[in-house]
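One structure is given here, and the rest of the page talks about it.
Residues take their numbers from the sequence shown, with the count starting at 1.
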Amino acid sequence: MEHEDERRYETRADRRRALEQQRSARLSHREAKRASLRRRLLQVGGGAMALAVSAGLAVTVHLNGNIERVDIGQGSAARPAAAVEGALNILVIGSDTREGIGTTEYGVGTAEGGARSDTNLLVHLSSDRKSAYVVSIPRDSMTKAPTDCSDPASTVDNGEVRRWNDNFNRGGPACTVKTLEGLTGVFVDHVAVIDFSGFQAMVDGLGGVDVCLPQAVHDEDAQIDLPAGRQRLEGKDALGYVRMRKSLGDGSDLQRIERQQAFMSSMAQEVTDTSLLLRPNRLYSFLDAATRSMTADDDLGLTRLMSIASSLKGLGTDEIVFVTVPTEPYPADTNRVQWRPEASEALWAAVRDDTALPGRDPKRPAKRERELTVVPSAVSVSVVNDTGVSGLARQEAAALTAQGFDASVVTTPPTGTVSGVFVHHAKGDEQHARTVAAAYPGAKLKVDETLAEGDVRLVLGAGADPAREVPNSEADGPLPSPSVTAPPAATDVASRTASEDICG
């Protein structure tokens with residue numbers, strides 16, 4: 001019996017061992033299958049990833065290859081410096097190639113033929129990407145311009161007066177940039193030239209754009225025949241709508257600009273409503289259409305375009321503002337216009353200095369004030385009055401002196417071009433300037449290489465408010481009461497936002 005029990009025990013033990021071996025074999029087989037599956041998935045995934053990367057690179061190369069390149073600094077000996085770090089100015093030109101009339105090569109055509117800038121837009125993107133201005137420049141504007149854009153010695157100051165549209169015809173994008181920068185002091189970061197066929201393809205890439213006509217329009221020159229009311233236009237009709245001039249309103253270029261701005265508002269709404277950036281097929285179609293007809297500077301490629309677009313993803317249509325350079329009839333030819341000096345300079349100053357447009361309250365969230373690190377008595381500040389109001393500089397210098405600043409008045413002829421308050425300072429000397437700016441909420445800081453460290457220049461322009469007490473004031477008593485005020489800033493720059501109803 002004992003022998004049988006022992007054999008039975010050995011059999012059970014053997015059975016357990018056999019079962020363990022079988023289980024281990026099954027687990028090993030499963031693990032082997034899983035490992036094999038993982039290897040296959042990694043191979044497939046790696047291949048898919050490699051394919052995706054290759055496809056992405058191929059798309060990037062293709063789209064970048066679509067773009068013609070141009071040197072926008074050609075013929076410019078000295079260009080203005082970018083005033084505010086992070087802000088971007090992009091000149092967008094709609095080109096009428098006028099094929100069959102004359103050459104379409106830049107710089108070869110004459111004012112009677114060749115490429116002409118049918119539409120001129122300066123797009124300003126604020127440094128914090130909380131707002132965007134789209135400035136329309138009337139093509140019939142008569143302005144100073146370099147006589148020979150290819151000659152670095154030929155500038156706006158020693159140039160001639162000619163129609164804005166002719167700058168592109170004379171020397172392409174570089175001539176337009178040279179003229180704009182010379183007239184305004186605004187630095188142009190990038191240029192994009194889009195021809196008519198590209199515009200049509202871009203509209204088609206969006207699936208059409210809504211417009212609103214107050215009356216039915218039949219225009220043989222623009223090749224459109226459209227009913228009144230709200231309607232959706234695709235390529236050819238959309239081009240005719242933005243180009244027509246004689247069949248609607250008073251036939252002026254200024255009214256055509258209004259229609260173009262309404263159309264661009266509708267485009268912005270379309271891009272936002274359809275989440276274009278989140279739809280690869282639509283986005284590719286749009287970008288392919290845009291780049292196939294684009295001429296741009298060397299730095300404006302697909303990567304840069306997508307980076308700019310990504311930085312604007314939080315920008316609402318109510319923060320996209322369309323504005324036209326203020327004009328008045330040109331005395332020598334009332335069919336032309338000239339820029340109104342004070343109003344146009346106020347507009348360009350807002351673009352140049354990245355401030356709110358004249359007549360519009362800034363909607364940017366207030367910045368949290370940092371603690372001031374320099375006391376007033378450590379700051380030497382010279383006060384400049386650019387308004388022409390007698391006694392304004394002396395008044396503000398006295399208010400600053402009462403708080404401990406070493407303030408003095410600089411007597412210079414006013415230009416009348418400054419709007420608001422600017423605090424100039426040496427490079428790397430921002431803290432001194434911040435203490436002065438604290439007396440003028442909303443003041444803009446600006447680097448001035450002519451100033452020594454510790455010296456600050458306060459420039460008072462139209463709309464400047466009297467000095468307030470700074471948080472670290474060293475005043476013994478109340479500040480002197482102001483007796484004079486700066487004139488109001490110009491507010492006659494008409495504008496519209498991209499969120500406005502196109503039928504409004």
Side-chain angles (χ1 to χ4, degrees), residues 80 83 89-94 117-124 126 131-145 156 161-167 176 179-188 245 249-265 320-362 386-388 414-420 461-464 486-498 500:
N89 296 310
I90 306 172
L91 182 62
V92 180
I93 301 173
S117 55
D118 203 62
T119 302
N120 297 264
L121 308 168
L122 184 69
V123 181
H124 171 77
S126 66
S131 64
Y133 314 148
V134 182
V135 183
S136 294
I137 305 173
R139 67 176 191 171
D140 291 337
S141 301
M142 301 299 292
T143 72
K144 289 290 293 293
V156 165
V161 175
R162 64 169 176 258
R163 190 173 63 153
W164 183 266
N165 196 28
D166 294 337
N167 292 313
T176 306
T179 304
L180 179 62
E181 291 183 340
L183 289 169
T184 67
V186 171
F187 177 75
V188 177
R245 181 168 177 170
D250 61 8
S252 68
D253 187 47
L254 296 178
Q255 283 206 346
R256 182 170 69 163
I257 285 175
E258 291 180 10
R259 288 194 297 276
Q260 291 174 346
Q261 291 175 346
F263 188 87
M264 288 185 288
S265 297
I320 303 174
V321 182
F322 295 94
V323 61
T324 305
V325 178
T327 61
E328 59 191 10
Y330 181 58
D333 182 354
T334 55
N335 291 318
R336 305 283 185 254
V337 295
Q338 63 185 16
W339 296 355
R340 297 211 318 272
E342 292 186 7
S344 63
E345 174 51 33
L347 169 61
W348 294 124
V351 174
R352 189 170 56 240
D353 301 315
D354 195 31
T355 58
L357 287 172
R360 297 190 69 90
D361 294 328
D386 193 64
T387 69
T415 66
T417 61
V418 177
S419 181
T491 59
D492 55 352
V493 178
S495 61
R496 63 169 292 148
T497 67
E500 293 181 30

message: What I'd like to find out is whether the side chain of Q260 reaches to under 4.5 Å of the side chain of T119, using heavy atoms alone.
response: yes
message: With heavy-atom distances below 4.5 Å as the criterion, would you say the side chains of W339 and T143 are in contact?
response: yes
statement: Rounding to 0.5 Å, atoms OG1 (T327) and CZ (R336) come to a distance of 13.0 Å
query: Is there a side chain to side chain contact (heavy atoms under 4.5 Å, CB included) between L357 and V321 once you walk through the steps?
result: CA-CA 9 Å; L357 287 172; V321 182; 3.7 Å; yes
field: Spatial distance of atom CZ (R163) from atom CZ (R139) [nearest 0.5 Å]
entry: 6.5 Å
task: Apply side chain to side chain contact (heavy atoms under 4.5 Å, CB included) to M264 and L121, showing your working.
output: CA-CA 11 Å; M264 288 185 288; L121 308 168; 3.4 Å; yes
query: Between S265 and T497, what is the shortest heavy-atom contact and its length?
result: OG-O, 3.8 Å
task: Please round to the nearest 0.5 Å and tell me the distance separating atom CG of L122 and atom CG of N89.
output: 5.0 Å
- prompt: When rounded to the nearest 0.5 angstrom, what distance separates CD1 in I137 from CG in L91?
  reply: 6.0 Å
- request: Verify side-chain hydrogen bond (donor to acceptor under 3.5 Å, both in side chains) between W164 and N120, making sure each step is shown before the conclusion.
  value: CA-CA 9 Å; W164 183 266; N120 297 264; 3.1 Å; yes
message: With side chain to side chain contact (heavy atoms under 4.5 Å, CB included) as the criterion, how do H124 and D354 come out once you've worked through the C-alpha distance, each side chain's angles and the decisive distance to 0.1 Å?
response: CA-CA 8 Å; H124 171 77; D354 195 31; 2.8 Å; yes
Min side-chain heavy-atom separation V325-P138 under 4.5 Å: yes
query: Charged N to carboxylate O under 4.0 angstrom, R352 versus E181?
result: no
statement: In terms of heavy-atom contacts, V161 and K144 come closest through CG2-CD, 3.6 Å
query: Picking from S344, P329, S141, P331, what satisfies side-chain contact (heavy atoms from CB on, under 4.5 Å) with Q338?
result: P331
- request: For the residue pair W348 and V135, establish whether any side-chain heavy-atom pair is separated by less than 4.5 Å.
  value: yes
field: A145 to N167 - nearest heavy-atom pair and separation
entry: CB-OD1, 3.5 Å
task: Output the distance between atom CD1 (I257) and atom CZ (F322), rounded to the nearest 0.5 Å.
output: 13.0 Å
message: Pair V134, Q261 - check side chain to side chain contact (heavy atoms under 4.5 Å, CB included), show working.
response: CA-CA 9 Å; V134 182; Q261 291 175 346; over 6 Å; no
- request: May I ask you to test the F187-L180 pair for a side-chain heavy-atom distance under 4.5 Å?
  value: no
- prompt: For the residue pair T324 and L347, what are the closest heavy atoms and their distance?
  reply: O-CD2, 4.3 Å
field: Minimum heavy-atom distance A486-G463, with the two atoms named
entry: CB-N, 4.2 Å
message: If we ignore hydrogens and angles and just use 3.5 Å, is the side chain of D353 paired with the main-chain N or O of T355 as donor and acceptor?
response: no
message: Just to verify, what does V418 make a side chain to side chain contact (heavy atoms under 4.5 Å, CB included) with, not counting sequence neighbours?
response: D386, F422, V459
Heavy-atom closest pair, residues A464 and G420: CB-O, 4.0 Å
